[in-house]
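The structure under discussion appears below in the form of structure tokens.
Not measured: the values here are computed from a predicted model. Counting begins at 1 with the first residue of the sequence.
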Amino acid sequence: MRIHIIGGGLAGCALAYVLKGEGVEPIIYEASSDLASGASGNSVGLYNPRFTAQFDAVGQFYSIAFFEALKAFEIFGDSIDWSPCGALHLMNTEQKRRRFPKTVQSWGWSGDDMRLVTAREASALCGVEILNDCLYLKRSGSVSPRKLCHAYAHGIDVRLNSSVDDLVDIADGVKILACGMGCLNFPEAENLPLKPVRGQVSYVSETAVSSSLKAAIGFGGYITPSLNGVHCVGSTFQRWLDHRDLISEDDAVNLDHLITHIPVLTGVSDVKRSWAAVRTTSPDHFPVVGRLGEGVYVSSAHGSHGILSALLSAKIISDMILGKGDIVSSDVLNALNPLRFC
């Protein structure tokens, strides 16, 4: 079976990886000169679930996605700069103080994988002073999304500089749209309510204090432990912008946000470089995954959780194409279904 995948980011490369493992011959068509040329091209990306108070379809999806992704990360290891350093999520708003305890109770993860910690415990876990109680995920961390794309696509027929304007121009076989906002260029997907969201991250030099940071910290934004003396701090969230031009003021926004929530890191200020991307999202902030029509599927709108959601979405589409049993419940499939917007 030949399967044609439009897009060489996380969604498309994860599809190729899963399908090849099922004995299928996938082909990736990437319009640019390299994989991960768009929103998947960052050198450091945190992987965390999208937390829900109840274990609803969204919670189920991200819970399964987390552990499925860990299996792949363990295989790829250092080749994707995998750092399972753990992540602390500050309970720094009333909404989080209400939601996170419910998440721990309803999701049913083991205490080794998810638990609430006091500010004092959080400070000991991460190596710097934290002022808020936190939700702690021991096996969260970071990978390089760009390197992950290349790892997924290893041994795959990748056709770079190959812009596809119409699916009828491709040979017979199954076609999968995995090209973010580019999906809207195809009649099969033009009615999907996909929306762009711009985000910029800042790479900043470590200080004597920040060099002690041992775990990633999420506070609305986030900071990672330093890699080669540099932290990744992000990210802006701009629904009103759809370009990748760097904005110097965004670096100041990232640093102000960091210092507001983790005052002990006030000295972190030396921006070495920046990186911006336009992610694709949907009105309900949930991926759009499933069948669009006869022999045509879509995997898009992964937003800021694509490191996790792309792989599980790939497994879901693979099961659909090959007629295998579903890896997720019917509730999750319905929540992902592109037809939910009709």
Side-chain angles (χ1 to χ4, degrees), residues 1-22 24-45 47 69 72-73 75-76 79-81 143-167 169-171 173-186 188-189 192 194 196-199 242 244 275-281 287-289 292 296-318 321:
M1 181 185 294
R2 280 291 180 92
I3 297 185
H4 307 274
I5 301 167
I6 317 303
L10 280 170
C13 292
L15 278 159
Y17 173 73
V18 171
L19 289 164
K20 183 182 179 184
E22 294 289 349
V24 176
E25 295 182 37
I27 302 171
I28 295 176
Y29 300 84
E30 169 54 44
S32 70
S33 59
D34 198 3
L35 297 173
S37 62
S40 302
N42 197 5
S43 60
V44 179
Y47 60 90
F73 299 164
I75 293 171
F76 298 138
S79 70
I80 61 170
D81 295 342
V143 299
S144 164
R146 178 176 55 82
K147 290 184 178 181
L148 181 58
C149 286
H150 282 271
Y152 280 148
H154 179 72
I156 302 295
D157 182 356
V158 177
R159 303 183 184 182
L160 301 174
N161 300 304
S162 296
S163 179
V164 177
D165 299 318
D166 195 321
L167 294 183
D169 296 334
I170 302 177
V174 174
K175 288 104 172 181
I176 309 175
L177 298 176
C179 46
M181 291 298 298
C183 293
L184 298 181
N185 295 327
F186 297 88
E188 295 84 352
L192 293 176
L194 304 179
V197 176
R198 181 189 178 278
D242 61 358
R244 297 178 58 190
W275 183 85
V278 178
R279 302 185 182 99
T280 303
T281 188
V288 177
V289 177
L292 287 173
V296 180
Y297 297 79
V298 64
S299 177
S300 187
H302 295 282
S304 59
H305 294 283
I307 295 173
L308 296 182
S309 62
L311 182 61
L312 181 55
S313 297
K315 291 176 179 288
I316 290 169
I317 291 177
S318 175
I321 294 171

Handout entry: Any donor-acceptor N/O pair, Ser144 side chain to Asp81 backbone, under 3.5 Å
Key = no

Practice task
Using a 4.5 Å cut-off on heavy atoms from C-beta on, say whether the side chain of Val289 contacts that of Leu312.
Solution key: no

Exercise for the section: Check for a donor-acceptor pair, side chain of Ser162 on one end and backbone N or O of Leu160 on the other, with a separation under 3.5 Å. Expected result: yes

Exercise for the section: Could you check if a side-chain atom of Ile5 sits within less than 4.5 angstrom of a side-chain atom of Ile156, using non-hydrogen atoms only? Expected result: no

Completion exercise
So CD of Glu30 and CG of Asn161: to nearest 0.5 Å the spacing works out to 8.5 Å

Completion exercise
One should read off an interatomic distance between Arg146 CZ and Trp275 CH2, to the nearest 0.5 angstrom, of 10.5 Å

Exercise for the section: Find out whether Val296 and Phe186 are in side-chain contact, i.e. whether some heavy atom of one side chain is under 4.5 Å from a heavy atom of the other. Expected result: no

Practice task
Would you name the heavy atoms of Val44 and Pro145 that are closest together and state the gap between them?
Solution key: C-CD, 3.9 Å

Practice task
Would you name the heavy atoms of Ala14 and Ala310 that are closest together and state the gap between them?
Solution key: CB-O, 3.8 Å

Handout entry: Val24/Ile321 under side-chain contact (heavy atoms from CB on, under 4.5 Å): CA gap, chis, key distance, verdict
Key = CA-CA 10 Å; Val24 176; Ile321 294 171; over 6 Å; no

Handout entry: Student check: side-chain heavy atoms of Ile3 and Leu15 closer than 4.5 Å
Key = no

Exercise for the section: Looking only at non-hydrogen atoms, find the nearest pair between His154 and Lys20 and report the distance. Expected result: O-NZ, 3.6 Å

Completion exercise
Heavy-atom nearest pair, Asp165 first then Ser163, reads OD1-OG, 3.6 Å

Problem - Distance-minimising heavy-atom pair for Ala16 and Ile28 - result: CB-CD1, 3.7 Å

Practice task
Please step through side-chain contact (heavy atoms from CB on, under 4.5 Å) for the pair Lys175 and Ile170, ending with a clear verdict.
Solution key: CA-CA 8 Å; Lys175 288 104 172 181; Ile170 302 177; 4.0 Å; yes

Problem - Gap between atom OG of Ser299 and atom CD1 of Ile317 - 0.5 Å precision - result: 4.5 Å

Fill in the blank from the handout: d(Met1 CE, Glu22 CD) to nearest 0.5 Å is 10.5 Å

Exercise for the section: Step by step, work out the side-chain contact (heavy atoms from CB on, under 4.5 Å) result for Ile316 and Tyr297. Expected result: CA-CA 11 Å; Ile316 290 169; Tyr297 297 79; over 6 Å; no

Problem - Asp169 and Val164, any side-chain heavy atoms less than 4.5 Å apart - result: no

Handout entry: Residue that, paired with Val197, satisfies side chain to side chain contact (heavy atoms under 4.5 Å, CB included) out of Thr281, Val278, Asp242
Key = Thr281

Completion exercise
Value for OG (Ser37) from CZ (Arg244), rounded to nearest 0.5 Å, stands at 7.0 Å

Exercise for the section: Over all heavy atoms of both residues, which pair between Gly303 and Arg279 is shortest? Give the atoms and the distance, please. Expected result: O-CD, 3.1 Å

Problem - Backbone of Met181 reached by a side-chain donor or acceptor of Thr280 within 3.5 Å - result: yes

Completion exercise
To the nearest 0.5 Å, atom CG of Leu148 lies from atom OH of Tyr17 at 9.5 Å

Practice task
State, yes or no, whether a side-chain contact exists between Leu192 and Ser300 at a heavy-atom distance under 4.5 Å.
Solution key: no

